[in-house]
Amino acid sequence: MEIINIHDFKNLNPKHCIEIQKNLIDKLELKPFNKFPEIVAGVDLSFLNDLGIAIIVVIDETFKLVDLVYHYQKIEFPYIPGLLAFRELPVFLEAWKKLKTKPDLVFFDGQGIAHPRKMGIATHGSFFINLPTIGIAKSRLYGTYDEPCIQKGCFSYLYDKSKNKIGVVLRTREKVKPVFVSPGNYITINEAKEITLEYTSKYKIPEPTRLAHMYSQKIKKEISG
DNA sequence: GCGACAG
DNA sequence: ATCTTGTCGC
């Protein structure tokens, strides 16, 4: 069975998907990235009936927009908690082909290894683009944690059932609900947290993902008329 | 069997 | 994610 051919995603049932995720665990490399990414991309999808619209924004360390591409196509896979990658990665990868600027790192909207099988969309996606990735989720999918203090920069670790760290619950803005940050691949948990804070401006959601979401809503309106 | 459950 | 307006609090 082909393990990661994205074109076969739509023909898979949930059990196949879970097997694929389990088989990919050997490819996970949570090693230090050891550099600050000066050019990063942010990914997000919006939906219009049966269309999925993927947008990728590329910004520099001053949050200036460097590049932007998007792609939309029919969604072939339902939303199933734990299997988000199978729904969204096919659309994302088509948009990725259009990108001319190669970022140093990519932020995804969703989990990285903070996932039942350590295979959230940021992790799964890294195998296709071969770049370090970070998952930024607005809510928890998996793991246990204590509430972090209320100041910006406060954080607590997310743990799996074996008490291993799988990410952080990070307060990116004072008195506002924290975000769930986990490394996708080719980066450590602490690097993911630090880089996320560096790329956070005055809002709860870090700039790469926030801008991607903003533009995907804008593009959706253009498409709908 | 009963909850939990990214977007 | 999406459907949708005003409103409470810093």
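Every chain is numbered from 1 and lettered A, B, ... according to where its sequence line falls, protein lines coming before strand lines.
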Atom pair distance, as rounded to whole Å: NZ in A:Lys220 and C1' in C:dC3: 10 Å

Select base, sugar-phosphate, or nothing to describe what A:Gly135 touches, counting heavy atoms under 4.0 Å on all strands. nothing

C:dA1 P sits how many Å from A:Ile121 CD1, rounded? 13 Å

To the nearest Å, how far apart are A:Arg173 CZ and C:dC10 P? 13 Å

Rounded to the nearest 0.5 Å, how far does NE2 of A:His71 lie from CD of A:Glu94? 4.5 Å

In whole Å, I'd like the distance from the CD atom of A:Gln111 to the P atom of B:dC5. 11 Å

Whether A:His213 contacts C:dA1 is assessed here as follows: a side-chain N or O lying under 4.0 Å from the phosphate OP1 or OP2. Is that the case? yes

Quickly work out the A:Ile80 CD1 to B:dA6 P distance and round it to whole Å. 13 Å

Just checking, is any N or O donor in the side chain of A:Asp60 or A:Thr62 under 3.5 Å from an acceptor N or O on the other one? yes

When you measure from the centre of the six-membered ring of A:Phe127, is the NZ or CZ of A:Lys27 under 6.0 Å away and within 45° of the axis? yes

Distance check needed: B:dA6 P versus A:Leu158 CG, whole Å only. 13 Å

pi-stack flag for A:Tyr79 and B:dG7, centroid dist under 5.5 Å, interplanar under 30°: yes

Specify the separation, in whole Å, of atom OH of A:Tyr145 and atom P of B:dA6. 12 Å

Does A:Tyr142 make a side-chain N or O approach to OP1 or OP2 of B:dA4 shorter than 4.0 Å? no

I want to check one thing: is the phosphate of B:dA6, taken as OP1 and OP2, less than 4.0 Å away from some side-chain N or O of A:Arg140? no

Are any of A:Lys138's side-chain N or O atoms less than 4.0 Å away from OP1 or OP2 of B:dA6? no

At 4.0 Å (heavy atoms only), tell me whether A:Ile75 reaches a base, stays on the sugar-phosphate, or touches nothing. nothing

For the pair made of NZ in A:Lys221 and P in C:dC3, what is the distance, rounded to whole Å? 10 Å

Please figure out whether A:Lys175 or A:Gln217 has its closest DNA chain C nucleotide nearer the 5' end. A:Gln217

Pair A:Asn190-A:Tyr157, side-chain donor/acceptor within less than 3.5 Å: yes

Under 4.0 Å between a side-chain N/O of A:Ser139 and OP1 or OP2 of B:dC5, yes or no? no

Could you check whether any side-chain N or O of A:Asn23 sits under 3.5 Å from a backbone N or O of A:Glu19, counting only pairs where one atom can act as donor and the other as acceptor? yes

